[in-house]
S.K.: 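Have a look at this one before I ask anything.
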Amino acid sequence: MPDPIPDPLPAPSLDPLLDHPVALAAADEVAGFGTDVAATLAWAVSAGGGRDVERDLIDDWSLLASVAARDVGAARILEPHLDALDILDQARRDGLDVDLARLGAGPESSWGVFAAEGSGMRLDAHEGPDGWLLSGTKPWCSLAQHLTHALITAWVGDERRLFAVALSGAEVVPRSGPWHARGLSQVVSAPVDFASAGAVPVGAPGWYLHRPGFARGGVGVAACWWGGAVPLRAALLDAASRPNADQLSRVHLGRVDTALWTAHLALRSAAEAMDTVARATVAGDGASGRHADPATLAGRVRSVVADAVETTLAETARALGPLPLVADESHARRVADLQIYVRQHHGERDLARIGAAVREGRGAW
């Protein structure tokens with residue numbers, strides 16, 4: 001007679017990446033958290049304003065992962081707002097004069113970051129007698145109909161430059177689509193048309209793409225992917241702990257646990273490495289040379305996390321079947337949201353860039 005199956009142990013905590021008290025406490029107070037864009041944006045503005053300016057990266061990524069574990073849509077709303085605040089903070093640290101008052105921006109502003117390019121669409125910037133003006137169309141502008149301001153890249157000749165812009169003027173017209181997404185349906189990412197809209201430059205041409213924080217922002221998105229996938233691990237643990245569970249249920253759980261654990265280590269290791277490089281750069285002690293360049297490190301982490309999320313989605317589907325996808329609203333929405341969100345990963349193109357960096361000697365371990 002087989003031994004009785006013991007009561008399942010509590011799911012082990014993956015602290016500190018999933019134990020952010022600010023996010024978890026405040027989220028409970030928001031009705032429609034993640035689905036009500038206005039309410040979630042108001043929360044995001046509050047969360048962004050309450051962060052410690054001396055925080056380490058692990059604190060930022062813990063916030064994002066914790067929110068994604070609660071609701072993927074909420075993390076998708078929060079992440080670009082925090083990214084914009086970090087970009088503006090870095091501009092101030094670099095001594096750049098960014099006249100946000102001219103745009104009516106303040107502590108209550110909600111921000112996006114629009115830096116994607118698309119075929120047949122181009123946003124140009126030109127300097128007039130009264131300042132810079134933006135004209136053209138920018139694709140993939142998430143939540144533009146809801147945000148007050150954005151940081152946006154535009155072409156100045158053959159170079160891209162970052163600008164801050166208010167989205168409420170008549171010269172800025174966000175489109176409502178096309179957006180037929182089944183996941184993240186509330187986070188509309190559609191083109192925006194600009195007709196000589198006033199803007200304020202943020203850094204010189206190329207500053208946005210080459211600043212140290214660019215790579216860190218990319219890993220912040222991966223922290224959201226990871227946090228959003230962890231509750232699916234819990235669903236597999238629950239299934240594997242049922243009295244009638246077979247060994248295959250433990251195989252699915254083991255694959256997902258291993259993948260997410262590896263991604264967890266990659267995120268923590270990247271946070272430590274990037275913080276070390278940042279401190280070394282400030283101190284001028286040369287320690288940054290002992291690490292991979294930030295872009296390569298970010299590409300590695302994003303690839304590891306994206307693979308882990310894809311593994312989690314596939315194993316969860318095989319292990320649990322269709323029932324939770326049609327009978328559990330929270331589970332079904334999480335799966336659909338993650339499937340859309342992780343498509344921000346550039347896949348083989350990122351791997352090609354990593355391979356090129358390693359070949360060129362920029363891939364230290």
Side-chain angles (χ1 to χ4, degrees), residues 11 18 23 27 30-41 43-44 64-81 112 116 139-147 175-191 218 220-239 249 252-253 255-257 259-260 263 302-347:
L18 282 178
V30 180
F33 186 66
T35 56
D36 185 322
V37 172
T40 307
L41 260 180
W43 167 85
L64 292 170
S66 298
V67 173
R70 186 61 59 92
D71 187 275
V72 176
R76 180 65 182 85
I77 292 170
L78 173 66
E79 186 276 326
H81 176 72
W140 299 109
C141 298
S142 301
L143 298 172
Q145 292 181 314
H146 299 271
L147 301 170
R175 302 184 193 178
S176 59
W179 190 248
H180 306 295
R182 295 301 181 263
L184 296 175
S185 59
Q186 74 280 33
V187 186
V188 175
S189 298
V221 174
C224 295
W225 299 339
W226 181 83
V230 168
L232 299 180
R233 171 184 176 274
L236 292 178
L237 175 60
D238 179 68
S249 68
H252 294 303
L253 174 60
R255 283 178 178 158
V256 167
D257 178 78
L260 291 179
R302 284 171 62 94
S303 294
V304 168
V305 175
D307 285 348
V309 173
E310 298 283 15
T311 295
T312 300
L313 289 169
E315 294 296 325
T316 300
R318 285 195 286 268
L320 303 183
L323 183 60
L325 294 174
V326 300
D328 185 332
E329 191 274 339
S330 178
H331 178 97
R333 183 158 59 88
R334 179 174 299 278
V335 168
D337 287 351
L338 276 174
Q339 287 174 332
I340 293 293
Y341 202 176
V342 80
R343 293 280 66 77
Q344 286 190 4
H345 179 48
H346 302 132

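Sequence positions, counted from 1, serve as the residue numbers for this chain.
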S.K.: Would you please name every residue forming a side chain to side chain contact (heavy atoms under 4.5 Å, CB included) with Ala235, sequence neighbours left out?
M.R.: Leu320
S.K.: Hey, are Arg233 and Asp257 close enough for a salt bridge, meaning a charged N less than 4.0 Å from a carboxylate O?
M.R.: yes
S.K.: To the nearest 0.5 Å, what is the distance between OG on Ser142 and CD1 on Ile77?
M.R.: 10.0 Å
S.K.: Side chains of Tyr341 and Val221: closer than 4.5 Å at any heavy-atom pair?
M.R.: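 A side-chain contact exists here, since the closest heavy-atom pair is under 4.5 Å.
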S.K.: Where is the tightest heavy-atom contact between Ala222 and Val305, given as atom of each residue plus distance?
M.R.: O-CG1, 3.3 Å
S.K.: Which atom names give the shortest non-hydrogen contact between Ala223 and Leu64, and what distance separates them?
M.R.: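 Nearest pair, atom of Ala223 first, then Leu64: CB-CB, 4.5 Å.
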S.K.: Heavy atoms only: give me the nearest Pro231-Gly227 pair and the separation to one decimal.
M.R.: CD-O, 3.2 Å
S.K.: How long is the straight-line distance from CG of Leu232 back to OG1 of Thr312, given to the nearest 0.5 Å?
M.R.: 6.5 Å
S.K.: According to the salt bridge (Lys or Arg N to Asp or Glu O under 4.0 Å) rule, which pairs have a member within residues 320-330, sequence neighbours left out?
M.R.: Glu329-Arg333
S.K.: State, with a plain yes or no, whether a side-chain heavy atom of Val309 is found less than 4.5 Å away from one of Trp226.
M.R.: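 They are not in contact (no side-chain heavy atoms under 4.5 Å apart), so the answer is no.
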S.K.: Hey, mind stepping through Arg175 and Val188 against side chain to side chain contact (heavy atoms under 4.5 Å, CB included) and telling me if it holds?
M.R.: CA-CA 9 Å; Arg175 302 184 193 178; Val188 175; over 6 Å; no
S.K.: Under 3.5 Å, is there a donor-acceptor pair between the side chain of Thr35 and the main chain of Gly32?
M.R.: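 Side chain of Thr35 to backbone of Gly32, a donor-acceptor pair under 3.5 Å: yes, one is there.
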S.K.: What is the minimum heavy-atom distance between Ala190 and Ser176, and which atoms define it?
M.R.: CB-C, 4.3 Å
S.K.: Do the side chain of Arg334 and the main chain of Ala69 share a donor and acceptor less than 3.5 angstrom apart?
M.R.: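 Yes, Arg334 side chain to Ala69 backbone: donor-acceptor pair under 3.5 Å.
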S.K.: Do Trp43 and Leu78 have side chains that get closer than 4.5 Å, going by heavy atoms?
M.R.: yes
S.K.: Quick one: closest heavy-atom pair of Leu338 and Trp225, and the distance?
M.R.: CD2-O, 3.7 Å
S.K.: Restricting to non-hydrogen atoms, name the atom on Leu236 and the atom on Ala319 that form the minimum distance, rounded to 0.1 Å.
M.R.: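 Distance-wise, the nearest heavy atoms are CD2-CB, 3.5 Å.
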S.K.: Could I get the full list of side chain to side chain contact (heavy atoms under 4.5 Å, CB included) partners for Glu315, not counting sequence neighbours?
M.R.: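 Per chain and number, Glu315 pairs via side chain to side chain contact (heavy atoms under 4.5 Å, CB included) with His252, Arg255, Val256, Thr311, Arg318.
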S.K.: So, does Asp337 use its side chain to make a donor-acceptor pair with the main chain of Val72 at under 3.5 Å?
M.R.: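 No; zero donor-acceptor contacts below 3.5 Å.
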S.K.: Tell me which one of Glu79, Gln344, Arg76 satisfies side-chain contact (heavy atoms from CB on, under 4.5 Å) with Cys224.
M.R.: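 Exactly one option meets the side-chain contact (heavy atoms from CB on, under 4.5 Å) with Cys224, and it is Glu79.
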S.K.: Sub-3.5 Å donor-acceptor pair from the side chain of Trp140 to the main-chain atoms of Pro191, do we have one?
M.R.: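 Between the backbone of Pro191 and the side chain of Trp140 there is no qualifying donor-acceptor contact (under 3.5 Å).
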S.K.: Just how far is it from atom CD of Gln186 to atom CG of Asp36, taken to the nearest 0.5 Å?
M.R.: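 Spacing of CD (Gln186) from CG (Asp36) equals 9.5 Å.
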